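Everything on this sheet refers to the single structure shown next.
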Amino acid sequence: MSWPALAALAVTVVVAAFVQGSSGLGFALVVAPVAGFLAPGLVPVFVLAAMIPLNLYVAWRERASLDLRGAGWITGARLAATPAGLALLWLIPERSLGVFVGGATLLAAVVSLAAPVFTPGRAAYVGAGAVTGLTETATGVGGPPLALVYQHRSPSELRSTVAACFLVGEVASLALLFATGKAEAAQLVWAVAVLPAIALGAWLSHLVHHRLDARRMRLCVLVFALVSGVVLLLGF
């Protein structure tokens, strides 16, 4: 990767870390298309690795709001679905996978616009975890299902719980990708190279994250789901 390309990637990571640190969502949606354009071989390993320190920070910052019950069900289902996500990488062309995941995300977002307020239960947690395990392992983008499940919860609960679930899932996905030869250590070098950019974006998010109320957070969630669905449909 050239220096100009690395600089462009670093700027993108700052923006993505700020967005996710503030809202709990969006890092992969912002970074994956750019990384895929600059160096297709970086996806999904670079995206997964770069999110680990950011999610560790967000989960710790708002640990008092963590939904342990929901995180437990989501993580269990997500880990169980990780091998299936790997299988999608082998069996389904990237374009077809993006169309499937993008279409499902758009449908879920549209339904959420008309759905009444709900409190997620075990079935919602397990479903979101399973879908996240499939999509994040295959594409690096796994936020929409978790975001939609927590759209009616407090902003701090959404941020902390989604960050904790992502953290465990990212480690599991990376471990499986390396174990099966779908990832290389060289891909992690770029994640290390953008650590200062991640730190800057996270610090900036610390200045504004408490200003997001529940109504604005739900709007962020729905916009995030709609945009991510379109991006996946178009392909990155």
Side-chain angles (χ1 to χ4, degrees), residues 1-3 5-6 8-10 12-13 16-17 20 25-59 74-102 129-146 162-199 201-202 228 231-232 235-236:
M1 186 183 298
S2 65
W3 284 109
L6 180 58
L9 184 62
T12 302
V13 168
Q20 178 138 341
L25 314 161
F27 185 92
L29 175 63
V30 174
V31 172
V34 176
F37 175 76
L38 295 174
L42 292 180
V43 180
V45 175
F46 168 78
V47 179
L48 292 169
M51 288 180 69
I52 289 175
L54 176 62
N55 284 319
L56 182 62
Y57 165 72
V58 174
I74 289 169
T75 300
R78 193 245 183 272
L79 293 176
T82 296
L86 180 67
L88 291 179
L89 280 174
W90 291 99
L91 299 175
I92 301 178
E94 183 178 328
R95 174 65 182 173
S96 299
L97 180 62
V99 170
F100 174 76
V101 175
V131 174
T132 299
L134 290 171
T135 61
E136 191 175 27
T137 303
T139 68
V141 179
L146 302 185
V162 169
C165 293
F166 273 155
L167 186 60
V168 176
E170 286 148 8
V171 172
S173 291
L174 284 171
L176 190 57
L177 288 168
F178 274 102
T180 55
K182 296 292 287 183
E184 300 176 358
Q187 294 169 306
L188 298 180
V189 173
W190 301 110
V192 174
V194 299
L195 280 176
I198 295 171
S228 62
V231 169
L232 289 168
F236 54 72

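Computed from a predicted model, the values in this text were never measured in an experiment.
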*Go through the steps to decide whether Met51 and Phe46 satisfy the test side chain to side chain contact (heavy atoms under 4.5 Å, CB included), and finish with yes or no.*
CA-CA 9 Å; Met51 288 180 69; Phe46 168 78; over 6 Å; no

*Take Val58 and Phe166 through the side chain to side chain contact (heavy atoms under 4.5 Å, CB included) test and state the conclusion after the steps.*
CA-CA 11 Å; Val58 174; Phe166 273 155; over 6 Å; no

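Listed here is the closest heavy atom pair of Ala164 and Ala59: N-CB, 4.1 Å. The shortest non-hydrogen separation linking Phe178 to Ala185 is CE2-N, 3.5 Å. Residues Cys165 and Leu146 share a closest heavy-atom pair of CB-CD1, 4.1 Å. Closest of all the heavy-atom pairs between Ala17 and Ile198 is CB-O, 3.7 Å. When all heavy atoms are compared, the tightest approach of Leu195 to Pro53 is CD2-CG, 3.8 Å.
Remark: Ala10 pairs with Ala197 by the side-chain contact (heavy atoms from CB on, under 4.5 Å) rule, at least two apart or across chains. Residues satisfying the side-chain contact (heavy atoms from CB on, under 4.5 Å) test with Ala80, not counting sequence neighbours, are none. Val45 is linked by a side-chain contact (heavy atoms from CB on, under 4.5 Å) to Leu174, Leu177, Ala183, Gln187, Leu188, counting only residues two or more places apart in sequence or in another chain. By the side-chain contact (heavy atoms from CB on, under 4.5 Å) test, Leu167 is found to be paired with Ile52, Asn55, Leu56, residues two or more places apart in sequence or in another chain being considered.
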With a cut-off of 3.5 Å and sequence neighbours excluded, list every side-chain donor-acceptor pair involving residues 28-36.
none

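Atom CH2 of Trp190 and atom CG of Leu9 lie 9.0 Å apart (nearest 0.5 Å).
Evaluation of the side chain to side chain donor-acceptor pair (under 3.5 Å) test over residues 27-37, restricted to residues two or more places apart or in two chains, returns none.
At distances below 3.5 Å, not a single donor-acceptor pair connects side-chain atoms of Arg78 with backbone N or O atoms of Ala130.
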